Visitor: 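This is the structure, below, for whatever I ask next.
Not measured: the values here are computed from a predicted model. In this chain, residues are counted from 1 in sequence order.
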Amino acid sequence: MRVLVVGSGGREHALAWALAASPLLTKLWCAPGNPGIASVAETVPIGALDISALVAFARANAIDLVVPGPEAPLVAGLADACAEAGIACAGPTAAAARLEGEKSFTKEIATAAGIPTARYACFDDAASARAYCRRHGAPLVVKADGLAAGKGVVVAETVAEAEAAVSAFMEEGRLGAAGSVVLIEERLSGPEVSLFALCDGEHAVPLGAATDHKRAHEGDRGPNTGGMGAVAPAPALTPALAEAAFARIVRPALAEMARRGTPFRGILFAGLMLTPDGPKLIEFNVRFGDPECQSLLPLLSSDLLAALFAACDGELGDFDLRWHPGASVAVVLAARGYPEAPETGTEIRGLDRAAALPGARIFQSGTRLADGKLVAAGGRVLTVTARGADLEEARARAYAAARAIDWPGGFYRRDIGGPPLL
Ligand code: AMP
Ligand code: GLY
């Protein structure tokens, strides 16, 4: 099989690495990729949002399967364009990707399917939204309806904060069109878990669960980020809770999407809060998480390529994925200044030495080559992962590898998955 991965981050590096191990693979490409991905796939200089160029490339190279990493190309119709060209795509159509692209749509599906989620109201004018905040009182969660690259949610402790978020999103245009509609939700509490399901439109197969660490700094302080580290399996998610989440959240959502004639194929990411009343849905995403993917794929022992193909063919009914025992930890190394103003261009050394340590594997995100040197080219730059017999061993190994990397321009949290390790 000839496979094209779309994207350029650590998640796509992990996907490409896992696909490269498949006995079914003939050749692997990645567009646009990064220097790390170039060690397992041929990189192609086409942007992840250039859908017509991606499909033309896939046609010209007789690609059998397109594997999209990020959500934006899916929301923009990559899977639809592949379908028109007769190419399999392991991701949802634009109609099904609304589950991530429009938070109000997810709420509509949740209501129709009886999925437990936070109570909410939806507004397209700021004055009514502010009035609702004053009527309800804090705490409240204010969310932009559209895609906002992780910047569209404010958990407000006071009514003033909630009103300020409404103004920033709806009147000051801080998020552009994504903020013209807002949702205001009740605040839920409990441990958060990222749960993944591989879906074929009808069936859902568990694809693992991980705990993300979203704040930039240790002790869950500092600004929200795309994710500074992940541990898998998610410690808080017992098998019973995972089954409850599939029964009450994942399968009802799939059934509702199919009933509407927009079946969901691909990776469904349920952001859950494990509340005292059971798992509740915070949001759906229509792709793997980053860095959750980097923590989960090293635990997968089944062939990812065969699984993605079965998802495209509607054949997940009897499919079962196998996993290595033990745990996995992913620690993100970010450029100093991330997320506000990451400093790029700083040189990174010692990756080979770090990757040779027991259980360690390094995925690259924001990197590029400059005069033969590897330099930082984004906010999140590397994900250092390690597998171990248990969480403690995986953490010790991941941090040993992180310390072996010589990159004064970067930083990482030392408390991914437990108390800070020196
Ligand atoms: P999102 O960008 O939708 O992933 O939301 C970012 C973060 O906001 C989530 O990971 C949660 O920690 C938090 N959040 C979102 N909705 C709620 C809610 N209803 N109650 C409490 N926290 C929430
Ligand atoms: N790490 C969270 C996400 O990928 O959205």
Side-chain angles (χ1 to χ4, degrees), residues 1-48 54 57-58 61-70 73 88-91 207-208 230 232 267 287-309 321 324 328 330-333 348 350-369 372-378 380-387 398 401 405:
M1 281 178 193
R2 300 159 68 82
V3 178
L4 172 65
V5 173
V6 175
S8 62
R11 165 181 54 207
E12 290 75 24
H13 189 177
L15 286 166
W17 165 78
L19 293 168
S22 171
L24 301 174
L25 186 78
T26 321
K27 174 144 190 191
L28 185 62
W29 288 265
C30 183
N34 67 38
I37 294 174
S39 66
V40 290
E42 182 176 325
T43 56
V44 185
I46 301 175
L54 290 170
F57 178 87
N61 290 279
I63 300 286
D64 298 297
L65 177 68
V66 172
V67 180
C89 176
L207 196 51
I267 295 168
R287 49 163 175 92
F288 243 132
D290 184 334
E292 290 95 325
C293 178
Q294 296 94 301
S295 69
L296 281 165
L297 287 183
L299 288 171
L300 181 67
S301 69
S302 294
D303 182 354
L304 179 65
L305 181 48
L308 294 179
F309 238 98
L321 290 170
H324 295 291
S328 171
V331 178
V332 170
L333 273 61
I348 303 158
L351 286 196
D352 291 342
R353 192 168 33 129
L357 292 171
R361 190 165 306 288
I362 296 166
F363 298 115
Q364 298 186 25
S365 308
T367 57
R368 70 184 167 85
L369 288 171
K373 293 176 182 157
L374 191 68
V375 303
R380 293 190 294 174
V381 173
L382 303 169
T383 313
V384 176
T385 72
R387 232 172 76 192
I405 294 171

Visitor: Could you pull out all donor-acceptor pairs under 3.5 Å where a side-chain atom in residues 39-46 meets a protein atom, sequence neighbours excluded?
Guide:
| residue | atom | partner | partner atom | Å |
| --- | --- | --- | --- | --- |
| S39 | OG | G36 | O | 2.6 |
| E42 | OE1 | K27 | NZ | 2.4 |

Visitor: Going by side chain to side chain donor-acceptor pair (under 3.5 Å), name the pairs with one or both residues in residues 297-307, residues two or more places apart or in two chains.
Guide: S22-D303

Visitor: Between P68 and C89, which heavy-atom pair has the shortest distance, and what is it?
Guide: CG-SG, 3.7 Å

Visitor: Between CZ of F363 and CG of L15, what distance do you get to the nearest 0.5 Å?
Guide: 9.0 Å

Visitor: Can you name the closest pair of heavy atoms from C30 and I37 and give their distance?
Guide: CB-CG2, 3.5 Å

Visitor: What are the two closest heavy atoms between L4 and A31, and how far apart are they?
Guide: CD1-N, 4.0 Å

Visitor: Rounded to the nearest 0.5 Å, how far apart are CG of L333 and CZ of R380?
Guide: 12.5 Å

Visitor: Can you name the closest pair of heavy atoms from A330 and P291 and give their distance?
Guide: CB-O, 4.1 Å

Visitor: For residues 351-359, run the donor-acceptor check on the side chains, cut-off 3.5 Å, and write out each pair with its distance to 0.1 Å, sequence neighbours left out.
Guide:
| residue | atom | partner | partner atom | Å |
| --- | --- | --- | --- | --- |
| R353 | NH2 | A404 | O | 3.1 |

Visitor: Take V3 and L308, measure what side chain to side chain contact (heavy atoms under 4.5 Å, CB included) needs, and give me the verdict at the end.
Guide: CA-CA 11 Å; V3 178; L308 294 179; over 6 Å; no

Visitor: Using the rule given for side chain to side chain contact (heavy atoms under 4.5 Å, CB included), can you reason through T385 versus L297, listing the C-alpha separation, both sets of side-chain angles and the distance that settles it, and then say yes or no?
Guide: CA-CA 10 Å; T385 72; L297 287 183; over 6 Å; no

Visitor: With sequence neighbours left out, write down each residue that passes side-chain contact (heavy atoms from CB on, under 4.5 Å) with T367, or none if nothing qualifies.
Guide: N34, P35, I348, Q364, L374, V381, L382

Visitor: Looking at side-chain heavy atoms only, is the closest gap between F309 and L24 below 4.5 Å?
Guide: no

Visitor: Considering only residues two or more places apart or on different chains, which pairs with a residue in residues 355-365 satisfy salt bridge (charged side-chain N to carboxylate O under 4.0 Å, His left out)?
Guide: none

Visitor: Please determine whether side chain to side chain contact (heavy atoms under 4.5 Å, CB included) holds for the pair D64 and R2, giving the CA-CA distance in whole Å, both sets of side-chain angles, and the decisive distance to 0.1 Å.
Guide: CA-CA 5 Å; D64 298 297; R2 300 159 68 82; 3.7 Å; yes

Visitor: Suppose the criterion is side chain to side chain donor-acceptor pair (under 3.5 Å): which pairs have a residue in residues 9-20, not counting sequence neighbours?
Guide: none

Visitor: Check whether any side-chain heavy atom of L305 lies under 4.5 Å from a side-chain heavy atom of M1, and answer yes or no.
Guide: yes

Visitor: My understanding is that only residues two or more places apart in sequence, or in another chain, count here; which of them pass side-chain contact (heavy atoms from CB on, under 4.5 Å) with S365?
Guide: T383

Visitor: Can you name the residues that form a side-chain contact (heavy atoms from CB on, under 4.5 Å) with A232, not counting sequence neighbours?
Guide: A210, S295, L296, L299

Visitor: Please report the closest heavy-atom contact between P298 and C293, naming both atoms and the distance.
Guide: CD-O, 4.2 Å

Visitor: Where do L304 and A18 come nearest, in terms of heavy atoms and distance?
Guide: CD2-CB, 3.8 Å

